[in-house]
Amino acid sequence: MEKELDKAYDPKATEDRIYKMWEDGGFFKPTSATKPYSLNPKTYSIHLPPPNVTGSLHMGHALNATISDILIRYHRMNGDETVWFPGTDHAGIATQSVVDKQLKKEGINRWDLGREKFVEKVWEWREKYGNIIISQLKKIGASADWSRIRFTMDPEYAEWVKKVFIHYHEKGWIYRGKRVVSWCTACQTSLSDLEIEYKEEKTKLYYIKYPLQGEIATSTTEVGTRDDNSDVIASEEKQSYIIVATTRPETMLGDTAVAVNPKDDRYKNVVGKKVLLPIVGREIPIITDEKIDLTFGTGAVKVTPAHDLLDAEIGERHKLPFIQIINERGKMTAEAGKDFEGLKIAEAREKVVTELEKLGLIEKIEDYTHNLAICSRSATPIEPLLSDQWFLRMSEHPQVQSSKFKVESSGKSLRDSVLETIKSGETKIIPKNFEKVLTSWMENVRDWCISRQIWWGHQLPVFFCKKTLEANTKSQTLNPKQAEDFIVAAERPKTCPFCENCEMEQSQDVLDTWFSSALWPFAGLSEEDQKKFYPSSVLITARDIINLWVGRMIFSGLEFKGETPFPDVLIHATVLTKDGKRMSKSLGTGIDPIGLIEKYGADATRFGIIWQAMGTQDIHWDEAAVQAGKKFANKLWNIARFAQTRGADFKSDFPKSGLTPEDQEILGKLADLKKKTERGIGAYDFGQTIHKIYDFVWHELADVYIEKTKNRTDENVKIVLGGILADVLKILHPFMPFITEELYQRLIGGGVLITESWSGR
RNA sequence: GCGCCCUUAGCUCAGUGGUAGAGCGUUCCAUUCACAUUGGAAAGGCCGCAGGUUCGAUCCCUGCAGGGCGCACCA
């Protein structure tokens, strides 16, 4: 402790040693043997947004972790019973595709392996690589309680997932249905709306003539002579046509209607008539639907209920047949016709166009740019597909049946429970303008498709009668009555309640990853922790998962714990490149926080991140801020070195008399800094706060006070200088924990800074 | 189409109803001093544009332009 400080601060010689000291000392746990807490401690807790097991630390994590760690350390020092719950997410599709890729390198695919072996491989992969990000979070100084680490597929966590599924099912909020869902042909699974991204694509818009059938076909004069419809209804010789525009001509093989807007005068005469679907030779009706946009294309739309989400809606409304012409792997089915069966979508498109051209039924082809829906994981175009899926009701008020799982239910729909907790202010989103992101999504929310046809994840706690399944497979179509031959249960039933002599088969589907992530604020926590630390104090996250995750945690918390999971949701900035571009590994625009830590130290990296984190503004990343952090660390170090050589007194109370004007001035400014820091942390204004601390330390303490008092040797200056420095270490500790702890150990000692009282002396 | 955010020094960003601020960069000066990872100083701004409110607007209001983002559409 009396050993003189080196000339410069060396983070490499300090950080790992200090971190180990904290961890070995058990200081990350909510209570510490070295620190008696007050009789009625407040609790303070944060749940780490569980990173994917595929992940490694990026700037977003670094920002999130730094903010969380500041709050955690600040509250811990203030004597609150504080805990930061860490963990990782199994991240269904993301992890599965990583392992898929690895297997591909070995020349095998997951179907070669079979489900059981494949899942084993994923577990192996997770054991090996799944905690990289955890060790990286430690590097940055995250003081999370690693003894409480969870994984979204831990056994206790899985129990919660099952309980929740069963509970919703018993309430009648989970249902199974054959629906058109967004399907990824590469991942071979359904996706939710939120897993879809859009990419601009240049394509063609094909105008196809569908021959009108019946009487109208001959009354060309009436239809054809009107100016306003001459370009949408064509007549040649004795045949009239209705013209539809499409970017996907191959789907015409599955058309079961043509739809126009009921207000569209151009088609008044043909509504209710039929057209003959070219190539296929099927007669399909011309119907009206409000959802059709009069201004797009010709105003007439081909309706393919089995392969388009809007068309499916129209199809259901008008009770049209659903003809599936594309299968799960993106190939044409037998229903598409002999000539097309087995073709890829692109091949089928080409062939359909060629055929139509031969028949003279292509009116024109235009260049067209639109947003193509792609899978956010594989970037494969989304194929809307008819398939059996499980849904969680979001907005309706179904009758509540008795639930074996005893919870006080609000009786509100999941959607309404979120809207109300936001509206009442029980759950605050900070900054407030992000509330609208959540509420406007919720207001229009559709039922959540929670089933995925992948292998890595929580299998649905659903068991089918094997005999029924076999019968269904044979008949190809699902008999709705037979579809009910399943039960929802936590364990496989001993006897099948339907046929009484089969071993029931568990559903092959797994749950959407977010179904389990939604339970993060309580699932997998011990009973005691749930009692003590639910709700947590604040959720800290990025805005891109407000709907994907935050909203779902809120309704899960309200439904299962009867209370919002967190009164505050802090939406932090997104870290962009200096030019405001998205940071991305593939574009080479990413910044590696671990690289920064190695180059400048963890404290400097934290400083640099927080220095730039002002309000809601996205961060245009500037490494200069980290360099400033390194210089600042060194400045602090040298202030300490100066204090040490001048025999500063770090422990005595500030003298009440005999203070010079400059003593009084600096002490006044210190008191002001404490107040502002408390206020700043309370208001989540971290950037502002670190700027103020920086200004005080560098420009008030070093440049002014130390320069002015250099020649003084009285006792007061030793006490004032030492006391100010001791306080600065405390004030700064949540932001720059390593250097402050090191200086505390070297100069003051008698404890650990991490649990020192922040404000008292 | 609907909604949200941004526009201030060369760059990245704070800020306030009444002489405009920081970090980095630039220029000049200093240097056996706790720190060259330093100290002192300087240059550099119609605070996006146009109206309005006001004694007074960079700040409040309206409109416009440019940039970013979210949602919807995308036949």
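Chain letters run A, B, ... following the sequence lines, proteins first, then strands; residues in each count from 1.
The two residues A/Gly60 and A/His572 have their closest heavy-atom pair at O-NE2, 4.1 Å. Between A/Gly629 and A/Ala604 the shortest heavy-atom distance is C-CB, 3.7 Å.
A/Tyr600 does not carry A/Lys630 over the face of its six-membered ring by the limits of under 6.0 Å from the centre and within 45° of the normal.
The side chain of A/Asn638 lies closest to B/rA34 when the candidates are B/rC74, B/rA34, B/rC69. Here the nucleotide nearest the side chain of A/Asp703, chosen from B/rC5, B/rA34, B/rG39, is B/rG39. Comparing atom distances between the A/Asn433 side chain and each of B/rA34, B/rU12, B/rC4 picks out B/rC4 as nearest. Here the side chain of A/Val437 is nearest to one of B/rU12, B/rC33, B/rG70, namely B/rG70.
Look at A/Trp698 and you won't find any side-chain N or O under 4.0 angstrom from OP1 or OP2 of B/rC35. Contact annotation: A/Lys631 reaches the phosphate of B/rC24 (side-chain N/O to OP1 or OP2, under 4.0 Å). Note on A/His691: every side-chain N or O is 4.0 Å or more away from OP1 and OP2 of B/rU12. OP1 or OP2 of B/rA34 sits under 4.0 Å from a side-chain N or O of A/Arg646.
Of the residues A/Leu570, A/Thr439, A/Leu438, the one that meets the side chain to side chain contact (heavy atoms under 4.5 Å, CB included) test with A/Ile429 is A/Leu438.
Side chain A/Lys635 to base B/rC35: a donor-acceptor pair is found below 3.5 Å. One donor-acceptor pair, N or O on each side, does fall under 3.5 Å between the base of B/rA34 and the side chain of A/Glu707.
Closest-nucleotide positions on RNA chain B for A/Ala245 and A/Lys436 were compared, and the one nearer the 5' end corresponds to A/Lys436.
Pairing for B/rA57 is absent, judged as Watson-Crick or G-U wobble with the two contacts each under 3.5 Å. In this structure B/rG21 sits in a base pair with B/rC13, meeting the Watson-Crick or G-U test at under 3.5 Å. For B/rG39, the paired base is B/rC29 (Watson-Crick or G-U wobble, both distances below 3.5 Å). When Watson-Crick and G-U wobble pairs are counted only if both distances are under 3.5 Å, B/rC74 pairs with no nucleotide at all.
Atom P of nucleotide B/rA34 and atom CD1 of A/Ile706 are separated by 10 Å, given to the nearest angstrom. In this structure, CD1 of A/Ile693 is placed 16 Å from P of B/rG23, rounded to the nearest angstrom. Rounded to an integer number of Å, the gap from A/Met614 CE to B/rU12 C1' is 12 Å. Atom-to-atom, CG of A/Asp10 to P of B/rC35 comes out at 17 Å; the value is rounded to the nearest Å. Atoms NE2 (A/His620) and C1' (B/rC13) sit 10 Å apart, rounded to a whole Å. A/Arg641 has its CZ atom 11 Å from the C1' atom of B/rC33, to the nearest Å. What separates NZ of A/Lys692 from C1' of B/rG23 is a distance of 16 Å, to the nearest Å. A straight line from CD of A/Gln688 to P of B/rC13 spans 14 Å, rounded to a whole angstrom.
Under the 30°/60° scheme for interplanar angles, the aromatic rings of A/Phe632 and A/Phe607 are found to be tilted.
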* Given A/Thr677 and A/Lys675, is the side-chain hydrogen bond (donor to acceptor under 3.5 Å, both in side chains) satisfied, shown in steps? -> CA-CA 5 Å; A/Thr677 304; A/Lys675 249 185 257 156; over 6 Å; no
